[in-house]
Amino acid sequence: MRERFAYTATKFAIVGMTKSLALDHSSAGVRFNAICPCRVETPWVQRRLEEYADPAERAAATSDMAATQLAGRMARPAEIAAAALYLASDEAAMVTGSTLMVDSGWSAGK
């Protein structure tokens with residue numbers, strides 16, 4: 001895929017910043033983690049899909065977006081929120097400096 005420099009650089013920056021913040025500040029009792037989601041079916045994505053006037057083209061675009069996910073669909077916002085709730089919970093008290101991949105297995109093949 002071309003023209004991905006800025007996107008990719010910012011994603012790596014988030015992971016690096018998360019680890020650095022954990023190393024520098026976790027002793028203060030603060031945890032630092034990142035969530036790396038797959039494509040999420042957000043209102044923004046829905047608006048982009050609605051730009052296709054032809055229902056067949058809209059369906060094809062939706063299918064293309066979902067095709068990169070092993071689950072065969074985009075994530076729902078609630079699924080990403082559930083990951084955030086876990087990281088904020090007491091159950092994740094020992095989780096810091098981590099990157100939680102919520103990507104339907106997309107990164108497994110990378």
Side-chain angles (χ1 to χ4, degrees):
M1 195 175 264
R2 295 181 180 181
E3 299 179 18
R4 303 296 286 179
F5 177 78
Y7 178 84
T8 302
T10 59
K11 296 301 179 182
F12 275 89
I14 293 294
V15 172
M17 287 173 24
T18 298
K19 291 178 182 209
S20 295
L21 285 165
L23 289 169
D24 291 350
H25 301 289
S26 288
S27 62
V30 180
R31 292 179 281 142
F32 300 89
N33 295 293
I35 296 172
C36 294
C38 59
R39 185 168 282 129
V40 181
E41 197 171 336
T42 63
W44 183 88
V45 169
Q46 288 299 324
R47 285 192 303 275
R48 297 296 73 78
L49 291 170
E50 289 168 4
E51 292 174 3
Y52 294 92
D54 179 359
E57 288 180 5
R58 184 178 308 143
T62 302
S63 180
D64 287 347
M65 287 183 167
T68 60
Q69 312 310 307
L70 295 181
R73 64 173 177 80
M74 291 180 267
R76 294 182 297 272
E79 292 169 316
I80 307 307
L85 286 173
Y86 163 69
L87 289 174
S89 74
D90 290 340
E91 286 78 10
M94 294 300 289
V95 181
T96 193
S98 294
T99 303
L100 181 56
M101 306 302 287
V102 184
D103 67 358
S104 180
W106 185 83
S107 61
K110 303 292 177 194

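One-based numbering along the sequence shown.
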K.L.:
Can you name the residues that form a side chain to side chain donor-acceptor pair (under 3.5 Å) with S89, not counting sequence neighbours?
P.N.:
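Applying side chain to side chain donor-acceptor pair (under 3.5 Å) to S89 gives E91.
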
K.L.:
Looking at every non-hydrogen atom in both residues, tell me the closest pair between T18 and A34 and how far apart they are.
P.N.:
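Smallest heavy-atom distance, with atoms named: OG1-CB, 3.4 Å.
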
K.L.:
Tell me the closest heavy-atom pair linking P37 and I35, and the distance in Å.
P.N.:
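Taking every non-hydrogen atom into account, CD-O, 3.2 Å.
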
K.L.:
Using every non-hydrogen atom in the two residues, find where C38 and A75 come nearest and quote the distance to one decimal.
P.N.:
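Result for this residue pair: SG-CB, 3.6 Å.
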
K.L.:
Ignoring hydrogens and angles, tell me if any N or O in the side chain of T99 forms a donor-acceptor pair with the backbone of V15 under 3.5 Å.
P.N.:
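No: the side chain of T99 does not pair with the backbone of V15.
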
K.L.:
Would Y86 end up clustered with V40 when hydrophobic side chains under 4.5 Å apart are linked, directly or stepwise?
P.N.:
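Yes, because Y86 and V40 connect within a single hydrophobic cluster, where side-chain heavy atoms sit under 4.5 Å apart.
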
K.L.:
Check whether S26 reaches the backbone of L23 with its side chain - one donor and one acceptor, N or O, closer than 3.5 Å.
P.N.:
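No, S26 side chain to L23 backbone: no donor-acceptor pair under 3.5 Å.
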
K.L.:
So which heavy atom on T68 is nearest to which on W106, and how close?
P.N.:
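Residues T68 and W106, closest heavy atoms: O-CD1, 2.9 Å.
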
K.L.:
For L70, does its backbone N or O pair with a side-chain atom of S104 as donor and acceptor, under 3.5 Å?
P.N.:
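Side chain of S104 to backbone of L70: a pair is present.
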
K.L.:
Hydrophobic clusters here meaning ILVMFWY residues chained together by side-chain heavy-atom distances under 4.5 Å, can you tell me if I80 and L87 are in one?
P.N.:
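As far as the 4.5 Å side-chain criterion goes, L87 and I80 are connected within one cluster.
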
K.L.:
Of all heavy-atom pairs between A83 and L100, which one has the smallest distance, and what is that distance?
P.N.:
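That closest heavy-atom pairing would be CB-CD2, 3.7 Å.
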
K.L.:
Scan for salt bridge (Lys or Arg N to Asp or Glu O under 4.0 Å) pairs involving residues 52-61, sequence neighbours excluded, and state none if there are none.
P.N.:
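Listed once each, the pairs would be none.
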
K.L.:
Do the side chain of R31 and the main chain of A92 share a donor and acceptor less than 3.5 angstrom apart?
P.N.:
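Yes; judged by distance alone, with no hydrogens or angles, the pair exists.
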
K.L.:
Just how far is it from atom CG of L49 to atom CG of D64, taken to the nearest 0.5 Å?
P.N.:
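Taking CG in L49 and CG in D64, the distance rounds to 10.0 Å.
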
K.L.:
Suppose the criterion is salt bridge (Lys or Arg N to Asp or Glu O under 4.0 Å): which pairs have a residue in residues 70-79, not counting sequence neighbours?
P.N.:
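Matches after skipping sequence neighbours: R73-E79, R76-E79.
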
K.L.:
Between E51 and R48, is the closest basic N to carboxylate O distance under 4.0 Å?
P.N.:
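A salt bridge links R48 with E51.
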
K.L.:
Kindly give the heavy-atom pair with the smallest separation between M74 and T62, and that separation in Å.
P.N.:
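Distance-wise, the nearest heavy atoms are CE-CG2, 4.2 Å.
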
K.L.:
Using atom types as modelled and distance alone, determine if a side-chain donor or acceptor of T8 lies under 3.5 Å from a backbone N or O of R4.
P.N.:
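Between the backbone of R4 and the side chain of T8 there is a qualifying donor-acceptor contact (under 3.5 Å).
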
K.L.:
Treat each ILVMFWY residue as a node, draw an edge where side-chain heavy atoms are under 4.5 Å apart, and state whether W44 and M65 are in one component.
P.N.:
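Yes; M65 is reachable from W44 via cluster members.
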
K.L.:
In the structure I gave you, are the side-chain heavy atoms of V95 and N33 within less than 4.5 Å of one another anywhere?
P.N.:
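In short, these two side chains touch, coming nearer than 4.5 Å.
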
K.L.:
Say whether L21 and V30 are linked into one hydrophobic cluster, either directly or through other cluster members, by side-chain heavy-atom distances under 4.5 angstrom.
P.N.:
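Linked, L21 and V30 end up in one cluster.
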
